[in-house]
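The structure appears right after this line, and notes come after that.
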Amino acid sequence: VKHDVFQTHFFIEHKGHFEGLYPQIPSVKFTLEEGLADYLITADGIAFVNQNPHFDEASDPSTDVQDREERDFDEEENASIHIDTALLFQEFLGHNQRFDIRLESKSEHYFSFIEPRFRAHGYKKITFVNYYNHIDLVFVLAEKGKGLKYSFVIHPGGNPREIRWRYKGDAVQIDASVRQKLQIQSTDILVHESGLQLIGSNGEVLGAKYQREGDVFGFNFHDSMSPRKRMECLEKGFEIDPFVTIQANAFYFPRLVNEH
């Protein structure tokens, strides 16, 4: 089944079409736009944006039910649409300020935004090369449904403990009571990191875990991994792959925005 019939599911290079729209999110590099739920890929992390429209009905001064019926009060014409915007930002900490960006699977067409100068191509895969020392941050589009997935590729010499992040947003609540699971709740946005795997250089699936120090999170080897296996991973390289599910916008996406 082809999930992107109209070829719109791309990371779109940001050329200014979002400028000033989200002033609290600096250095936007790419956008992934999915109706009223957007993802902003920035130099410092991932912003999940949810827009929730609702109707503000105009009040009718009449208190007589029959009189209102005779007037044929049209609620739709007397209603205005109001859009509430919620934002959750996963901010990566301590990364290299200078890193290369590798782009793959460029769209054959470009995307238009109001003015010709905003025309931009899209990509299916983005890699922030050497985001941390000897560590790449990789973004790819979800194979099914909507959304994105991210992972870290740790090359020989990289230390997974350098990867740290925190969540910023409106009324953020975090449940990290289960070691290999995270649940982050912000206004109208619910993020589940419901699985975490470490993939060795030979494709072997191994264990990883989240670490938390206050409001800062990170990764580490699972307790079940032997010292020998940990050393082997550090010498040959490995990948950390979180499984993320995002639920947002009951109006536009009643269930999942992101599944992979």
Side-chain angles (χ1 to χ4, degrees), residues 11 39 41-46 48 88-96 99-102 104-105 124-145 147-167 174-184 190-247 256 258-260:
F11 297 111
Y39 303 83
I41 305 299
T42 82
D44 296 319
I46 311 167
F48 309 98
L88 177 66
F89 186 41
Q90 183 176 359
E91 180 186 22
F92 293 112
L93 307 172
H95 62 82
N96 294 326
F99 54 87
D100 293 328
I101 300 178
R102 184 168 61 240
E104 300 178 49
S105 302
K124 296 284 188 180
K125 184 177 180 180
I126 303 167
T127 302
F128 288 179
V129 180
N130 205 44
Y131 193 61
Y132 292 92
N133 291 334
H134 308 292
I135 298 175
D136 300 339
L137 172 56
V138 181
F139 301 98
V140 297
L141 298 172
E143 295 179 359
K144 297 181 180 180
L148 59 84
K149 69 185 297 292
Y150 75 92
S151 61
F152 285 95
V153 177
I154 291 85
H155 299 285
N159 183 354
R161 295 182 183 178
E162 292 185 7
I163 304 169
R164 299 178 298 122
W165 71 92
R166 64 186 170 202
Y167 297 97
I174 299 174
D175 181 1
S177 56
V178 180
R179 177 169 291 182
Q180 288 181 271
K181 294 183 180 180
L182 283 178
Q183 178 172 298
I184 304 93
L190 180 62
V191 177
H192 288 281
E193 295 212 4
S194 55
L196 180 62
Q197 58 184 10
L198 185 155
I199 304 171
S201 59
N202 60 355
E204 182 182 6
V205 178
L206 303 167
K209 67 179 182 181
Y210 294 105
Q211 288 195 151
R212 180 177 185 180
E213 295 181 8
D215 64 345
V216 176
F217 291 84
F219 300 116
N220 205 345
F221 295 111
H222 195 271
D223 296 340
S224 62
M225 288 185 63
S226 67
R228 181 186 63 81
K229 181 62 72 174
R230 297 185 190 195
M231 184 59 64
E232 179 182 318
C233 286
L234 292 172
E235 290 175 349
K236 296 183 178 180
F238 58 98
E239 179 181 2
I240 293 178
D241 184 11
F243 186 96
V244 183
T245 300
I246 302 162
Q247 183 174 336
L256 298 182
N258 183 10
E259 56 175 2
H260 59 265

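Since this is a predicted model, take the numbers as computed values, not measurements.
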field: Check: D44 side chain, F92 main-chain N or O, donor-acceptor pair, under 3.5 Å
entry: no
- line: Sorted by chain and residue number, the side chain to side chain contact (heavy atoms under 4.5 Å, CB included) partners of E162 (sequence neighbours excluded) come out as Y132, N133, N159
task: Measure the shortest side-chain to side-chain distance between T127 and E104 over non-hydrogen atoms and say whether it is less than 4.5 angstrom.
output: yes
message: Please verify the inter-ring angle class for W165 with Y210; under 30° counts as parallel, over 60° as perpendicular, anything in between as tilted.
response: perpendicular
Rounded distance (nearest 0.5 Å) linking atom CG of L198 with atom NE2 of H222: 11.0 Å
task: Decide yes or no on side chain to side chain contact (heavy atoms under 4.5 Å, CB included) for F221 and L234, but give the supporting numbers first.
output: CA-CA 11 Å; F221 295 111; L234 292 172; 4.0 Å; yes
field: Among Y39, F128, F152, the one residue meeting ring-ring contact (aromatic ring centres under 6.0 Å, His included) with F139
entry: F128
query: Any idea which heavy atoms bring K124 and F11 closest together, and the distance?
result: O-CE1, 3.6 Å
R230 side chain to M225 backbone, donor-acceptor under 3.5 Å: yes
query: If you measure from SG on C233 to CG on N202, what distance do you get to the nearest 0.5 Å?
result: 8.5 Å
- request: Return the minimal non-hydrogen interatomic distance between K236 and S201, and the atom names on each side.
  value: CB-OG, 3.6 Å
message: Is there a side-chain contact between I135 and H95 in this structure, where contact means two heavy atoms from C-beta onward sitting under 4.5 Å apart?
response: no
query: Taking atom NE2 of H155 and atom CD of E239, what is their separation to the nearest 0.5 Å?
result: 10.0 Å
Non-hydrogen side-chain atoms of E232 and F238 separated by less than 4.5 Å: no
message: So, taking the atom named CG in L141 and the one named OG in S105, what distance separates them when rounded to the nearest 0.5 Å?
response: 9.0 Å
query: Does a side-chain heavy-atom distance below 4.5 Å link N220 with R161?
result: yes
Any donor-acceptor pair under 3.5 Å from Y131 side chain to A43 backbone: yes
- line: Taken to the nearest 0.5 Å, the spacing of N96 CG from N130 CG works out to 5.5 Å
query: If you measure from CD1 on I126 to CD1 on I41, what distance do you get to the nearest 0.5 Å?
result: 6.0 Å
message: My understanding is that only residues two or more places apart in sequence, or in another chain, count here; which of them pass salt bridge (Lys or Arg N to Asp or Glu O under 4.0 Å) with E204?
response: K229
query: Is the closest side-chain heavy-atom distance between L196 and F219 below 4.5 Å?
result: yes
query: Looking at P242 and S151, what are the two nearest heavy atoms and their distance?
result: CD-CA, 4.3 Å
- request: Before giving the answer on side chain to side chain contact (heavy atoms under 4.5 Å, CB included), spell out for Q90 and L88 the whole-Å C-alpha distance, their side-chain angles and the decisive distance to 0.1 Å.
  value: CA-CA 7 Å; Q90 183 176 359; L88 177 66; over 6 Å; no
